[in-house]
J.: 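After the structure tokens below, expect a handful of questions from me.
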Number of protein chains: 2
Amino acid sequence: MSQALKEAALRIFSDYGYEGASLAGIADEVGLKKQSIYAHFKGKDDLFLQVFRHSFTDELDRLRRELQHSGCLSLHDCLYGILQSYIVTYQSERRLKFCLRVSFYPPPHLYEEIDRYTGEHLQQIHELFLERFREAARAGDIGQRDPETANLAFMALVDAICIELVYSDKEKAERRMEAAWSIFWDGLRAIPTTE
Amino acid sequence: MSQALKEAALRIFSDYGYEGASLAGIADEVGLKKQSIYAHFKGKDDLFLQVFRHSFTDELDRLRRELQHSGCLSLHDCLYGILQSYIVTYQSERRLKFCLRVSFYPPPHLYEEIDRYTGEHLQQIHELFLERFREAARAGDIGQRDPETANLAFMALVDAICIELVYSDKEKAERRMEAAWSIFWDGLRAIPTTE
DNA sequence: GTCTATACGTTGATAGAC
DNA sequence: GTCTATCAACGTATAGAC
């Protein structure tokens, strides 16, 4: 039941945000009264933070698996696959939608804890991708391009796709991805201009 | 007083969102009681929607001016200037912060009106930029690159910078911009790969 | 663990004196 | 136009029966 409540909370929080979500609505999704939530969680904040921590560790795990799984692929296929995986994940799991919303607009009274956690999360993603770009640099796959620069640009691409998923739909996100990816990839392998 | 209330509402809504904002908090910012708001607006929705419409038309005006002002510049300086203008605007005006938040996470009961309005807004930005890319294509500034593709990728870049402003700060947004811009610009002018 | 009953604060909103 | 007084509705949270 605890698990069912957390899943319902994930749906409600990701759709309506912390302030827009009510315990009554969450309890209702699993056929309980709102008071029963207090048998499983200390309160709204406790429920929210448990969903929060679970979602972010799950999302980091997914990325690790994604990168490990594409270890044998070319840089092109690896990066392109990661972008695609965001679109697929956003469709099939609520987690990513929740992670994005709480990253951008955390409830103010929980800001400190959330900021610390998401900061570490982001840092780990950064290092995960950076390692791949360093490897590509050693293999000569990104020419004279600085791995750090490549990484920042790639993560910008990831965010741009996620944001398109948030405010429109899969189709537009795919169109944006194709366009931005083609230019990113050509730019990554071009000889850097010194302008 | 109506104007002062709208400015206070813009601050509160952009910081806390629709659900997280209270009329008491808004009235307090201008030294009024919450009941006095009803002498100027029909209610919370009316106040929110007036701020909403004003913000989006202002933001579109800003972009038009920005593009008109950079009419004589090279494509490089024009696009780069637009990116910079987002960072500057985000720092000095609340409007952009509000526009982003309400675009991504509109209050559900106002979704229809907001979606219609932001959709038109986005379409006009799209056409504004596209016209500049078409001009660049005619001048041979983007080689064989399709103006539509260039435009989609550029708007992705804009969003990536805005999102960095939302969840971190000016400095990180500037670093992201420099990295993503350098690769975007080189990719835009590279000969497209047919992979 | 789930329920009913209840407490208590805050919210958006209205009525009416000044 | 702004105020005081007031309201109903909904929010989170607690106490106690079963």
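Because the structure is a prediction, the values reported are computed rather than measured. Keep in mind that the numbers below use all heavy atoms, side chains included, and drop hydrogens, waters and symmetry copies. Just so it is clear: chains get the letters A, B, ... in the order the sequence lines come, proteins before strands, and each one is counted from 1.
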J.: Counting side-chain heavy atoms from C-beta on, which of dT4(D), dT2(D), dT12(D) comes nearest to K44(A)?
T.: dT12(D)

J.: Is the distance from OP1 or OP2 of dC3(D) to the nearest side-chain N or O of S36(B) less than 4.0 Å?
T.: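 Checking S36(B) against dC3(D): at least one side-chain N or O falls below 4.0 Å of OP1 or OP2.
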
J.: Could you go step by step and tell me if R62(A) and R95(A) meet the side chain to side chain contact (heavy atoms under 4.5 Å, CB included) rule?
T.: CA-CA 11 Å; R62(A) 179 188 76 79; R95(A) 186 180 63 240; 3.3 Å; yes

J.: Test for a donor-acceptor pair under 3.5 Å between the base of dG12(C) and the side chain of K34(B), counting only N and O atoms.
T.: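 Side chain to base: pair present.
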
J.: Picking from dT2(D), dA13(D), dC3(C), which would you name as closest to the side chain of M1(B)?
T.: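 From the listed options, dT2(D) comes nearest.
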
J.: Heavy atoms from C-beta onward define the side chain here; which of dT12(D), dC3(D), dC3(C) lies closest to that of K33(B)?
T.: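 Among dT12(D), dC3(D), dC3(C), the one nearest the side chain of K33(B) is dC3(D).
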
J.: Could you check, using the six-membered ring where one of them is a Trp, whether F52(B) and F56(B) have ring centers closer than 6.0 angstrom?
T.: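 Between F52(B) and F56(B), the centre distance is under 6.0 Å.
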
J.: Indicate yes or no: does K6(A) engage E29(A) in a salt bridge with an N to O separation below 4.0 Å.
T.: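 Judged by the 4.0 Å cut-off on N to carboxylate O distance, K6(A) and E29(A) do not form a salt bridge.
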
J.: Picking from dG1(D), dT2(C), dT12(D), which would you name as closest to the side chain of H40(A)?
T.: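 Of dG1(D), dT2(C), dT12(D), dT2(C) is nearest to the side chain of H40(A).
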
J.: Tell me yes or no: between the side chains of E120(A) and Q124(A), is some donor less than 3.5 Å from an acceptor?
T.: no

J.: Any residue in residues 4-21 of chain B with a heavy atom nearer than 4.0 angstrom to DNA chain C? Just list them by number, or reply none.
T.: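 Residues of residues 4-21 of chain B that come under 4.0 Å of DNA chain C are, in numerical order, A21(B).
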
J.: Listed by chain and number, what are the ring-ring contact (aromatic ring centres under 6.0 Å, His included) partners of F48(A), not counting sequence neighbours?
T.: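 By the ring-ring contact (aromatic ring centres under 6.0 Å, His included) rule, F48(A) matches F13(A), Y18(A), F98(A).
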
J.: Please determine if K97(A) and E59(A) form a salt bridge, counting it only when a charged side-chain N lies under 4.0 Å from a carboxylate O.
T.: no

J.: Nearest to the side chain of Q35(A) - dT2(C), dT14(C), dT4(C)?
T.: dT4(C)

J.: Out of dG11(D), dT14(D), dC3(C), which nucleotide sits closest to the side chain of S22(A)?
T.: dG11(D)

J.: Return the value, rounded to whole Å, for the distance between atom CG of D46(A) and atom P of dT14(D).
T.: 12 Å

J.: Considering only side-chain heavy atoms of L23(A), which listed nucleotide, dT2(C), dA13(C), dA13(D), is closest?
T.: dA13(D)

